[in-house]
Amino acid sequence: MRMLLPSALAARLLGAFRQPLLHSLWRGLAPLLYWLRAAFWWPGTGKGQQPVGERAEGSQEEEADGDLPITPTSVNYHFTRQCNYRCGFCFHTAKTSFVLPLEEAKRGLLLLKEAGMEKINFSGGEPFLQDRGEYLGQLVKFCKRELLLPSVSIVSNGSLIREKWFRDYGDYLDILAISCDSFDEEVNVLIGRGQGKKNHVENLQKLRKWCNDYRVAFKINSVINRFNVDEDMNEQIKALNPVRWKVFQCLLIEGENCGDDALREAQRFVISDQEFEEFLERHKGVSCLVPESNQKMKDSYLILDEYMRFLNCRSGRKDPSMSILDVGVEEAIKFSGFDERMFLKRGGKYVWSKADLKLDW
Ligand code: SF4
């Protein structure tokens with residue numbers, strides 16, 4: 001067998017299957033090719049010699065350099081940095097006003113789908129700000145109808161969403177996550193979650209109802225910080241009954257909310273691990289609570305910025321890769337700093353399609 005299929009040819013064959021257009025075919029055939037290589041001992045490149053199912057857990061660098069590319073199963077696309085709120089701890093700030101032309105964004109999403117993406121989450125900034133939500137609506141529709149992604153979700157502060165958006169695009173959206181850090185409006189104002197006279201909590205109730213009416217799974221994200229760490233939210237969260245309540249520990253990112261070139265100074269919002277644990281303990285009766293400490297958050301998200309560059313948070317700041325639009329997903333993702341094991345450990349893969357959630361609308 002070694003004579004019939006020399007190592008150079010084997011390496012070429014494996015390499016060819018990793019080109020973006022052949023990626024899905026590669027994913028299907030990879031186990032067979034690896035089995036053949038293991039069974040007949042085709043010489044490899046010196047890296048990643050184990051078959052797929054037996055690959056030892058290694059560092060991210062090994063993963064990035066090895067034979068198997070990282071699969072972008074779940075991607076967070078922050079297509080805009082602009083926002084109408086001014087949260088003091090914001091860690092994705094308005095450093096640019098750039099937004100890709102719609103067709104370019106769709107091209108990038110198609111590349112991600114070809115590389116194995118199953119879930120896309122649109123975030124910002126505030127994603128409903130661009131073109132009054134039309135840009136976002138078009139992307140959501142494209143991802144569900146054209147790309148047939150199992151899960152399409154949005155994280156928003158909720159302040160700009162109108163009922164018409166649900167009428168036009170609700171069918172294509174699986175999950176809407178609304179950021180809410182407090183049920184005390186004064187605390188929201190202190191944090192910076194608010195605009196003018198609009199009441200963030202009242203708005204949340206309205207959005208909850210629309211999610212029900214238009215069959216979109218409703219989720220709440222809360223950042224636990226110095227101003228809300230002592231709050232008891234049990235009653236309000238249970239009444240709103242989200243499918244998930246994601247509870248984050250306030251995180252410092254250099255260049256975003258701390259350091260010389262940052263647009264925010266979030267030091268005064270930071271809480272200790274112990275304080276975060278106490279908050280979780282107080283809310284342990286809420287079954288949908290999903291906690292995310294700084295430790296769990298670190299490196300377990302695939303983040304794409306407004307230029308479709310992966311942002312690597314390993315050094316405590318967001319270092320961008322090349323854009324997937326210029327070099328493709330496989331090349332760019334090597335610099336993402338993504339830790340797939342941590343992604344799985346934090347429960348990053350869950351029932352994320354509304355068809356599977358079996359909700360009682
Ligand atoms: S709503 Fe989100 S994006 Fe806007 S300022 Fe607050 S944390 Fe930042």
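Order of appearance sets the numbers: ligands from 1, and atoms from 1 within every ligand. Bear in mind that the values here come from a model prediction, so they are computed numbers and not experimental data.
The protein heavy-atom contact nearest to atom 1 (S) of ligand 1 is Arg193 NH1, 3.4 Å.
Less than 6.0 angstrom separates the ring centroid of Phe338 from the ring centroid of Phe343. Note: Tyr307 and Phe98 meet the aromatic proximity criterion, with ring centroids under 6.0 Å apart. Aromatic pair Tyr85/His200: centroids less than 6.0 angstrom apart. You'll find the ring centres of Tyr214 and Trp210 outside the 6.0 Å limit. Between Phe79 and Tyr135, a ring centre-to-centre spacing shorter than 6.0 Å is recorded.
Not counting sequence neighbours, the partners of Phe89 by the ring-ring contact (aromatic ring centres under 6.0 Å, His included) test are Phe269.
Here Glu146 does not pair with Lys106 in a salt bridge; the nearest charged N to carboxylate O distance is not below 4.0 Å.
Below the 2.8 Å limit, atom 8 (Fe) of ligand 1 has as protein N, O or S neighbours Cys90 SG.
Look at Arg81 and you'll find every heavy atom at least 4.0 Å from all atoms of ligand 1.
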